Asker: 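One structure is given below, represented as structure tokens, and several questions about it will come after.
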Amino acid sequence: MHTTQRLALHGGSPVRRRMLPYGHQQIDAADEAAVLAALRSEWLTTGPRVAEFERCFAETVGAREAVAVSSGTAALHAALHVLDLAPADEVIVAAMTFVASANAAAYVGARPVPADVDPATLLLDPAAVRRRLTRRTRAIVAVDYAGQPCDYAALGALAAEQGIPLVADAAHALGAAWCGRPVGSLARLTVFSFHPVKHITTGEGGMICTDDPRLAARLRQFRNHGIARDHRERETAGTWYYEMTELGFNYRLSDLQCALGLSQLRRLAAGVRRRQEIAAAYDAAFAGLAPVMPLARRAESSHAFHLYVVRLQLDLLRARRAELYGALRAEGIGVNVHYLPFHLHPYHRTRFGTAPGDCPAAEAAYEQILSLPIYPAMSDADVADVVTAVQKVVEEYAR
Ligand SMILES: *Cc1c(COP(=O)(O)O)cnc(C)c1O
């Protein structure tokens with residue numbers, strides 16, 4: 001490859017005119033029909049599609065119970081609520097994650113404590129978790145970063161040894177598997193998101209999976225104001241009477257959304273396969289491009305590739321990540337950065353006293369990571385555009 005092509009950033013013509021986003025939903029005619037049928041049905045919310053979506057979802061991820069809620073963030077809040085944490089209790093959270101994973105601990109009055117990640121995979125490092133254990137540690141929140149399952153063997157053993165629950169934030173990992181077992185049944189509670197960039201969407205939405213029916217019952221109550229019976233159950237029982245037994249929220253997912261979720265779930269496996277195919281194409285294209293290093297993969301896992309993250313080898317480049325980000329955006333490639341480690345956000349620093357240096361591996365990775373577009377609706381030509389743009393930009397800045 002030779003670079004006579006001027007970068008779009010420097011006035012050259014871009015690889016694409018229309019920006020390719022890093023993630024995007026896929027909506028088909030079956031989805032539209034399913035939502036329309038729900039819209040014309042008796043129940044717009046608290047109806048039969050909610051239980052049906054929960055049943056199909058639980059079966060898909062191999063969990064006994066699935067509880068649908070209004071977002072992945074609500075799912076995290078509900079999961080930590082049912083653990084009955086007390087003020088000043090500590091929850092160890094993977095540093096490299098979206099802020100919602102850590103905020104959930106703050107919602108229930110606990111302290112989110114960042115733990116560092118493995119620099120090769122950016123998955124929660126069990127040794128780092130051990131270093132963060134105190135007398136007040138009450139839970140561990142692991143994140144299947146980018147769609148790769150974390151080390152459930154080591155983290156599960158550590159949680160069991162400490163007698164505390166492991167909560168999996170699997171917002172990236174629907175459709176992933178670890179040692180042949182689907183993500184969703186590997187932790188006490190597993191949380192998913194149905195935001196449009198995730199594997200399936202309901203517009204907004206989330207799910208909590210567990211094998212414990214008592215936890216599931218409390219989760220259902222929590223999403224409905226803390227009330228024991230929902231509207232339809234009262235209707236069926238022929239009574240107006242209900243009791244609120246604890247403080248909950250309206251975190252319900254509507255029947256319109258569950259209809260969409262059910263329809264989307266049928267295409268989950270195909271979507272994950274397409275993501276894996278795109279990831280393999282990127283792997284092959286970047287194998288000979290030293291400054292672009294994809295994250296390491298764990299052999300025991302099947303990766304769901306919510307994100308395709310590369311680590312830029314900045315010592316081989318004459319620019320920092322911000323400039324490469326700008327150059328790729330100018331070429332029409334909607335690259336992104338996932339994430340600024342949560343403990344570096346001003347709220348967490350002020351409220352919980354976290355600081356740079358707390359998680360050196362996550363902080364070093366943050367300076368180098370870039371997420372490339374990956375989603376099932378991408379065409380082979382879209383994938384080729386990403387590869388062309390990355391090669392063009394990297395060759396321009398190569399030392
Ligand atoms: C998307 C996401 C969430 C939050 O989900 P929402 O449905 O957007 O509330 C939580 N954790 C991680 C890791 C996510 O990627």
Side-chain angles (χ1 to χ4, degrees), residues 21-25 53 57 66-81 91-108 112 114-115 117 121-124 139-150 155 166-176 183-184 186-187 189-209 219 222-223 249-254 257-258 260-261 264 275 295 303-309 336-343 345 347-348 359 362 365-366 369 371 374-375:
Y22 85 87
H24 198 264
Q25 71 272 19
F53 183 37
F57 194 93
V67 179
V69 291
S70 53
S71 70
T73 303
L76 282 160
H77 185 185
L80 290 199
H81 171 80
V91 178
I92 296 175
V93 183
M96 182 54 81
T97 189
F98 182 52
V99 286
S101 317
N103 293 352
Y107 293 161
V108 299
V117 294
T121 59
L122 306 190
L123 295 170
L124 182 58
I140 300 167
V141 177
V143 178
D144 296 326
Y145 178 78
Q148 175 158 236
C150 57
L155 293 170
L166 176 64
V167 176
D169 181 343
H172 295 186
L174 178 56
V183 165
L186 303 164
L189 294 144
T190 305
V191 164
F192 296 94
S193 162
F194 307 135
H195 181 278
V197 297
K198 304 288 165 62
H199 294 83
I200 68 168
T201 190
T202 60
E204 298 278 0
M207 193 74 84
I208 313 108
C209 290
L219 291 165
F222 182 72
R223 75 163 170 205
F249 289 77
N250 178 353
Y251 275 165
R252 295 185 303 257
L253 195 64
S254 72
Q257 292 169 297
C258 289
L260 180 55
Q264 291 254 313
R275 286 173 184 273
L295 294 183
H303 196 313
F305 288 105
H306 163 56
L307 301 174
Y308 186 92
V309 177
N336 223 311
V337 175
H338 300 95
Y339 301 92
L340 175 65
F342 82 82
H343 67 283
H345 283 280
Y347 173 81
H348 285 270
C359 297
Y366 167 67
I369 49 178
S371 303
I374 190 165
Y375 51 94

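Both counts, for ligands and for their atoms, begin at 1 and track the order of listing. Since the structure is predicted, the reported quantities are computational estimates derived from the model, not experimental observations.
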Asker: Check for me whether the distance between the ring centres of F249 and Y107 falls short of 6.0 Å.
Answerer: no
Asker: List ligand 1 atoms under 4.0 Å from S101, heavy atoms only on the residue side.
Answerer: 11 (N)
Asker: Check for a donor-acceptor pair, side chain of Q264 on one end and backbone N or O of T202 on the other, with a separation under 3.5 Å.
Answerer: no
Asker: Using a strict 4.0 Å cut-off to heavy atoms of G205, name the atoms of ligand 1 that fall inside it.
Answerer: 7 (O)
Asker: Is V143 close to ligand 1, meaning an N/O of one under 3.5 Å from an N/O of the other?
Answerer: no
Asker: Show which atoms of ligand 1 fall inside a sub-4.0 Å distance from at least one heavy-atom site of Y339.
Answerer: 15 (O)
Asker: Any donor and acceptor pair, going by atom type alone, linking the side chain of R275 with main-chain N or O of F305 inside 3.5 Å?
Answerer: yes
Asker: Tell me if a side-chain donor or acceptor on H199 pairs with a main-chain N or O of A304 at a distance below 3.5 Å.
Answerer: yes
Asker: Under 3.5 Å between some N or O of ligand 1 and some N or O of D169?
Answerer: yes
Asker: For G72, counting its heavy atoms only, list the atoms of ligand 1 lying under 4.0 Å from any of them.
Answerer: 5 (O), 6 (P), 7 (O), 9 (O)
Asker: Which atoms from ligand 1 have a heavy atom of T97 less than 4.0 Å away?
Answerer: 13 (C)
Asker: Tell me whether the rings of F342 and H348 are parallel (<30°), tilted (30 to 60°) or perpendicular (>60°).
Answerer: perpendicular
Asker: Is the ring pair F57/F194 parallel, tilted or perpendicular, if the boundaries are 30 and 60 degrees?
Answerer: perpendicular
Asker: Can you list every side chain to side chain donor-acceptor pair (under 3.5 Å) pair that touches residues 68-77, not counting sequence neighbours?
Answerer: H77-Y251
Asker: What protein heavy atom is closest to atom 1 (C) of ligand 1, reported as residue, atom name and distance in Å?
Answerer: K198 NZ, 1.6 Å
Asker: Is the shortest N/O to N/O distance between H172 and ligand 1 below 3.5 Å?
Answerer: yes
Asker: To the nearest 0.1 Å, how far is atom 9 (O) of ligand 1 from its closest protein heavy atom, and which atom is that?
Answerer: T73 OG1, 2.6 Å
